[in-house]
2 protein chains.
Amino acid sequence: MTARPRIKDVAELAGVAPSTVSVILNDVPGARVNTATRERVQAAARELGYLPNGLARGLRTRRSGTLALVSDVIASTPYAGQLIQGAQEAAWEAGYLLMLVDTGGDEVLERSAIRALRQQQVAGVLYATMFHRLVEVPDLLAGLPVVLLDARSSREDVPAVVPDEEAGARTAVGTLADHGHRRIGFVLDRNDGPAAAGRLAGYRAELAARGLAWDETLVVRAASTSDGGQEAVGTLLDMPEPPTAVFAFNDEMAVGAYHAAEDRGLRVPEDLSVVGFDDLYVLAREMRPGLTTVALPHRAMGAAAARSLLQLVTDPTAAVPSLQLIACPLVRRGSVAAAPHRR
Amino acid sequence: MTARPRIKDVAELAGVAPSTVSVILNDVPGARVNTATRERVQAAARELGYLPNGLARGLRTRRSGTLALVSDVIASTPYAGQLIQGAQEAAWEAGYLLMLVDTGGDEVLERSAIRALRQQQVAGVLYATMFHRLVEVPDLLAGLPVVLLDARSSREDVPAVVPDEEAGARTAVGTLADHGHRRIGFVLDRNDGPAAAGRLAGYRAELAARGLAWDETLVVRAASTSDGGQEAVGTLLDMPEPPTAVFAFNDEMAVGAYHAAEDRGLRVPEDLSVVGFDDLYVLAREMRPGLTTVALPHRAMGAAAARSLLQLVTDPTAAVPSLQLIACPLVRRGSVAAAPHRR
DNA sequence: CTGAAAGCGCTTACAG
DNA sequence: CTGAAAGCGCTTACAG
């Protein structure tokens with residue numbers, strides 16, 4: 001196998017200077033070149049299969065053409081692929097390559113990873129968490145364009161891209177109200193985070209918008225697992241005047257709602273309508289009936305964050321929104337029906 | 001903000017030449033340096049927060065310190081994260097950074113992505129598919145160390161890392177046999193691929209090893225979805241002498257098995273034992289009863305492939321196994337019970 | 001319109 | 001034990 005050709009080889013083959021090759025291959029704006037030599041150079045490059053060395057170019061131009069995605073735990077959710085794909089595609093469209101590092105939440109590893117990334121001269125970094133939460137932006141990232149992905153920080157100066165939890169919750173509750181439900185329960189995670197807070201706010205807001213009374217006994221907290229959901233929805237169902245519908249903080253709690261209904265001989269959706277949140281891959285689709293739920297827009301978030309980052313990379317003073325809320329669409333399946341008549 | 005320090009700055013601060021700084025910071029083996037100057041240089045580097053420029057270093061040493069993972073469709077499965085994480089961690093442990101590109105199965109995009117990656121001087125590439133299948137290794141990859149991840153090619157010279165489908169199927173059938181089942185059905189995908197072929201082979205092999213008769217009517221093909229599984233298991237259950245246990249090609253078909261049983265008033269596992277394949281995130285765990293299934297070792301595969309690649313990168317003549325079969329462990333949950341007595 | 005020169009920031013023989 | 005020089009492969013002013 002022969003060594004990879006360098007610009008010098010192309011130049012020699014075409015009978016011009018390397019600098020001329022560079023100007024031609026890079027289509028330097030405002031550079032007038034003879035059509036004949038241009039063609040000669042292009043032919044030579046093609047013949048040799050010439051690919052400019054990106055490291056040399058990056059060194060010279062001070063632009064590496066790479067972005068990084070650093071995340072806490074890539075593998076922990078089935079959405080990782082979507083998030084990454086969205087970011088990678090947007091990067092690619094702008095001619096950038098994406099480097100990935102997963103720190104597993106380990107701060108020491110995070111520090112050395114960021115150092116390694118800086119050494120590689122990444123143009124900017126996407127700092128992502130695998131579920132919407134609050135983070136501190138590491139000091140080591142200072143001076144580099146950064147955007148937060150599915151995460152927020154207390155710092156106003158670093159743009160964040162997160163799901164619009166509140167609006168998502170409103171569409172969930174809204175569809176239930178559209179079906180005539182007046183008593184709608186909400187089961188949510190015990191831990192407060194941006195997701196729980198946002199979804200609760202949306203629940204309240206939509207209730208208010210619909211003129212439905214706020215009833216504190218209708219919201220119950222539990223672990224955000226199917227067992228937690230089962231327990232929480234169980235207490236809702238055992239109330240003297242139980243809700244006819246339940247909005248669950250996430251799809252796993254929604255699974256629990258199905259179980260709680262089943263335990264009491266109630267059918268979903270005839271006796272109890274259920275809406276979840278997340279659109280957890282396969283699960284929501286495979287439930288019986290299929291779970292109507294609010295999807296987390298991971299791919300769109302990844303793409304939006306990468307685009308904002310790219311703007312910052314191109315122009316550090318660019319006015320990118322400090323917070324982007326990405327819409328969470330409702331995925332209608334079979335778990336919502338008209339409210340049963342009061343017995 | 002002040003410009004990033006270069007090696008020259010460190011050298012000046014320490015009062016030595018840049019080459020000395022380089023030797024010290026890189027701990028060049030067999031280089032004797034005065035302890036005092038070593039300390040002076042290290043202090044200077046620390047004070048300045050010096051990080052060597054990876055592009056310059058890579059240009060000079062001809063080692064970029066990066067690997068690439070190119071895949072067809074990252075986002076399509078919930079395992080993507082595991083696969084990527086395994087590869088990334090192994091790369092990181094060896095001091096390499098991982099670049100990721102998802103081609104969405106688009107060959108044109110794939111070609112330009114590989115070109116871009118080559119320009120960036122990646123040391124090697126992991127060529128991955130999101131489910132075990134046959135691929136053709138792109139010519140453009142020629143001359144670069146490559147290992148196939150969750151994929152195989154007809155070319156013997158490119159190492160592949162795939163799940164041990166056959167052994168996985170054997171443990172599935174084995175656990176069923178251990179529970180006293182003698183008539184074990186197998187429902188599988190209509191399309192033949194390495195996964196279907198391997199799992200079928202494992203089914204047959206284990207039956208033989210257990211001295212159980214091969215009964216062709218016990219294996220039925222359908223779409224590899226829950227509907228397909230329901231249909232296929234339905235025909236099994238409606239046989240004159242139905243199986244007491246079913247091994248499903250994947251977890252979605254196993255879901256169908258649950259449905260088929262339910263449709264007939266049969267309980268899992270009392271009346272029908274079920275074992276799936278994949279350990280599909282959340283689904284398998286959330287079924288009732290929890291689905292006993294064979295897990296796909298995505299993380300281990302990612303790590304194994306990256307390690308093989310790294311060996312090749314370090315020494316192109318290294319003897320890495322041309323095929324690595326990664327074990328698929330059985331995850332025991334609640335869908336297997338002792339075979340019911342013959343009525 | 002094209003070429004020669006300098007330089008991006010390192011590392012690596014090679015002197016001394 | 002340390003420094004000066006060359007060079008990795010490009011691009012970018014600057015001449016001509």
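Throughout, a chain's letter reflects where its sequence line sits, starting with A, and its residues are numbered from 1.
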Which one, [options], comes nearest to the side chain of [X]?
| X | options | result |
| --- | --- | --- |
| T61(A) | dG3(C), dT11(D), dT2(C) | dT11(D) |
| I7(A) | dT11(D), dC10(C), dC8(C) | dT11(D) |
| N26(B) | dG9(C), dA4(D), dT11(C) | dT11(C) |
| R60(B) | dT2(C), dC8(D), dC10(D) | dC8(D) |
| T20(A) | dT2(D), dT2(C), dC8(C) | dT2(C) |
| V16(B) | dG3(D), dT12(D), dG3(C) | dG3(D) |
| R57(A) | dG9(C), dT11(C), dC10(D) | dC10(D) |

Gap between atoms [atom1] and [atom2], on [X] and [N] respectively (whole Å):
| X | N | atom1 | atom2 | result |
| --- | --- | --- | --- | --- |
| K8(B) | dA4(D) | NZ | C1' | 15 Å |
| N53(B) | dG9(C) | CG | P | 7 Å |
| N34(B) | dG3(D) | CG | P | 11 Å |
| E12(B) | dG3(D) | CD | P | 12 Å |
| R40(A) | dC1(C) | CZ | C1' | 12 Å |
| R4(A) | dC8(D) | CZ | C1' | 13 Å |
| R63(A) | dT11(D) | CZ | P | 10 Å |
| L55(B) | dG9(C) | CG | P | 11 Å |

Is there a donor and acceptor pair, one atom on the side chain of S19(B) and one on the base of dA5(D), closer than 3.5 Å?
-> no
Given side chain to side chain donor-acceptor pair (under 3.5 Å), test Q121(A) with T66(A) step by step and report yes or no.
-> CA-CA 8 Å; Q121(A) 314 296 116; T66(A) 55; over 6 Å; no
In terms of heavy-atom contacts, does CZ of R40(B) have more than 12 from other residues, nucleotides or ligands at under 6.0 Å?
-> yes
In this structure, are over 12 heavy atoms from other groups packed under 6.0 Å from D139(B) atom CG?
-> no
With nearest nucleotides of DNA chain D determined for L59(B) and I24(B) from heavy-atom distances, which residue corresponds to the more 5′ nucleotide?
-> I24(B)
Does the side chain to side chain donor-acceptor pair (under 3.5 Å) test come out yes or no for R4(B) and N53(B), once each step is laid out?
-> CA-CA 10 Å; R4(B) 280 184 55 177; N53(B) 180 319; over 6 Å; no
Using Watson-Crick or G-U wobble geometry with both distances below 3.5 Å, tell me the partner of dG3(D), or none.
-> dC14(C)
Check whether any side-chain N or O of R38(A) sits under 4.0 Å from OP1 or OP2 of dC1(C), and answer yes or no.
-> no
Between dT11(C) and R62(B), is there an OP1 or OP2 to side-chain N/O distance shorter than 4.0 Å?
-> no
Decide yes or no on side chain to side chain contact (heavy atoms under 4.5 Å, CB included) for Y127(B) and L149(B), but give the supporting numbers first.
-> CA-CA 6 Å; Y127(B) 192 73; L149(B) 217 188; over 6 Å; no
